[in-house]
Amino acid sequence: MKYLTGYAKTNGHVVLEKADVKGINIALAVCGDLDPAEDDDSLRVIGRTKGALASFFQNEFTAGIMKYGEDYLSAASFAYSTAPAAETPIIGPGCAFGKGCAGILAAGSKAYVWVTEGSGMCIVRLARVFGKSRFVRCISSYEGGEDVLELVPGSVIIACPECWTAESEAENTGRMGRCINASSPTENIAVSVLSDEHIPLFDPDEIASDEVFDRRLSELKGEGFEGCIASLLVK
């Protein structure tokens, strides 16, 4: 299997890492901190935070995959999210990546996904439902959480704002999904949501490279997209 990654953002932060270890594809995609105008500096993403994530992936995680293979992901992923007392986890629901985030850590045929409670982010999967492709929310920011998902060719896992899911639209009957405008924390703005018309943007057969994936995701900006989105596609 081959991994492709893509992202787009109008505000917030994204960390993408990808490598091949002994023929095993591994990837990290983390995005969030949709409210950089927050007054509390401790809630902001800084270069050190992003550097810590990149270092974790390039060193600890890569070394673990090299030694134990892709099973290392399932065996160790939850340990990453439960750091010792007084230490902030690198990944997982309680990690320090701004006000909140969603992330994907993948190796081979598995992906560990997480969302920080109340972050405004979520994890969505492109799946076949009654023979039709649609976006299905796996983890919501309402409660946060983590999970390990199985991957097969054609899988698409997406970390995106909660308000960009069809489920969010359904839960807010009569209203469009809503995001927080980065320039004004108190101002809500109406946006579109991921729907059937966006399915082609994530079609594995039409995406040949990371660059193509980025260009397709950038089309969301024309739909009023606000925030950041990071996706992992398995070919």
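What you see below is based on every heavy atom in this structure, not just the backbone, and it leaves out hydrogens, waters and symmetry mates.
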> Where do Met121 and Val115 come nearest, in terms of heavy atoms and distance?
Replying inline: O-CG1, 3.3 Å
> In terms of hydrophobic clustering (I, L, V, M, F, W, Y; side-chain heavy atoms under 4.5 Å; direct or indirect links), are Val234 and Leu4 co-clustered?
Replying inline: no
> Just checking, is any N or O donor in the side chain of Ser109 or Glu70 under 3.5 Å from an acceptor N or O on the other one?
Replying inline: yes
> Got a sec, which residues hit salt bridge (Lys or Arg N to Asp or Glu O under 4.0 Å) with Asp147, two or more places apart in sequence or on another chain?
Replying inline: none
>> For Pro161 versus Phe225, what's the shortest heavy-atom pair and its separation?
In response: CD-CE1, 4.0 Å
>> I want to know whether Tyr112 and Tyr80 have ring centres closer than 6.0 Å.
In response: no
>> The test is side chain to side chain contact (heavy atoms under 4.5 Å, CB included); show your working for Glu146 and Val113 and say whether it passes.
In response: CA-CA 6 Å; Glu146 56 192 338; Val113 296; over 6 Å; no
Result block: side-chain N/O donor-acceptor pairs under 3.5 angstrom for residues 19-32, not counting sequence neighbours:
from  : atom 1 : to    : atom 2 : distance (Å)
Asp20 : OD1    : Gly23 : N      : 2.9
Lys22 : NZ     : Met66 : O      : 3.3
Asn25 : ND2    : Met1  : O      : 2.4

>> Do the side chains of Asp210 and Lys18 get close enough for a salt bridge, i.e. N-O under 4.0 angstrom?
In response: yes
> Do other residues, nucleotides or ligands put more than 12 heavy atoms under 6.0 Å from Phe202 CZ?
Replying inline: yes
>> Using side chain to side chain contact (heavy atoms under 4.5 Å, CB included), reason through His198 and Glu219 one step at a time and then give a plain yes or no.
In response: CA-CA 9 Å; His198 297 119; Glu219 294 180 28; over 6 Å; no
> Do Phe78 and Ile90 share a hydrophobic cluster (ILVMFWY, side-chain heavy atoms under 4.5 Å, transitive)?
Replying inline: yes
> Is a side-chain N or O of Trp114 found less than 3.5 angstrom from the main chain of Gly92, in a donor-acceptor match?
Replying inline: yes
>> Could you check whether any side-chain heavy atom of Tyr142 comes within less than 4.5 Å of a side-chain heavy atom of Glu117, counting everything from C-beta outward?
In response: no
> Lys110 and Tyr3: which non-hydrogen atoms are nearest, and at how many Å?
Replying inline: O-OH, 3.9 Å
> Under a single-linkage definition using a 4.5 Å side-chain heavy-atom cutoff for Ile, Leu, Val, Met, Phe, Trp and Tyr, are Val124 and Ile139 assigned to the same hydrophobic cluster?
Replying inline: no
> side chain to side chain contact (heavy atoms under 4.5 Å, CB included) between Cys228 and His13: does it pass, once the steps are laid out?
Replying inline: CA-CA 7 Å; Cys228 50; His13 298 270; over 6 Å; no
> In terms of hydrophobic clusters joined by side-chain contacts under 4.5 Å, are Ile91 and Ile157 together?
Replying inline: no
> For the residue pair Leu149 and Cys138, what are the closest heavy atoms and their distance?
Replying inline: CD1-SG, 4.2 Å
> What distance separates Ser218 OG from Tyr7 OH, expressed to the nearest 0.5 Å?
Replying inline: 11.0 Å
>> Just checking Tyr68: does its OH atom have more than 12 heavy atoms from other residues, nucleotides or ligands closer to it than 6.0 angstrom?
In response: no
> For the atom pair CG (Leu232) and CG (Leu151), what is the distance rounded to the nearest 0.5 Å?
Replying inline: 6.5 Å
> Taking all atoms of both residues into account, what is the closest heavy-atom pair of Ile207 and Arg216, and its distance?
Replying inline: CG1-CD, 3.6 Å
Check residues 54-65 and write down every donor-acceptor pair under 3.5 Å in which the side-chain atom is one partner and the other belongs to a residue at least two apart or another chain.
from  : atom 1 : to    : atom 2 : distance (Å)
Ser55 : OG     : Asn59 : ND2    : 3.1
Gln58 : NE2    : Glu17 : OE1    : 3.1
Gln58 : NE2    : Glu17 : OE2    : 3.4
Asn59 : ND2    : Ser55 : O      : 3.0
Thr62 : OG1    : Phe57 : O      : 2.6

> How long is the gap from CD1 on Ile199 to NZ on Lys132, to the nearest 0.5 Å?
Replying inline: 8.5 Å
>> Between Cys101 and Ser119, does the side chain to side chain contact (heavy atoms under 4.5 Å, CB included) criterion hold? Intermediate values first, please.
In response: CA-CA 6 Å; Cys101 70; Ser119 65; 5.8 Å; no
>> Whether the side chain of Ser74 engages the backbone of Asp71 through a donor-acceptor N/O pair (distance < 3.5 Å, no angle test) should be reported.
In response: no
> When rounded to the nearest 0.5 angstrom, what distance separates CZ in Arg128 from CZ in Arg134?
Replying inline: 12.5 Å
> Applying the 4.5 Å side-chain criterion to the ILVMFWY set and letting contacts propagate, would Leu233 and Ile123 be lumped into a single cluster?
Replying inline: no
> For the atom pair CD1 (Ile104) and CZ (Arg125), what is the distance rounded to the nearest 0.5 Å?
Replying inline: 10.5 Å
> Would you say the side chain of Pro153 lies within less than 4.5 Å of the side chain of Pro204, judging by non-hydrogen atoms?
Replying inline: no
> Minimum heavy-atom separation for Ala107 to Leu73, with atom names?
Replying inline: N-CD2, 3.8 Å
> Can you tell me how far the NZ atom of Lys235 sits from the OG atom of Ser209, to the nearest 0.5 Å?
Replying inline: 9.5 Å
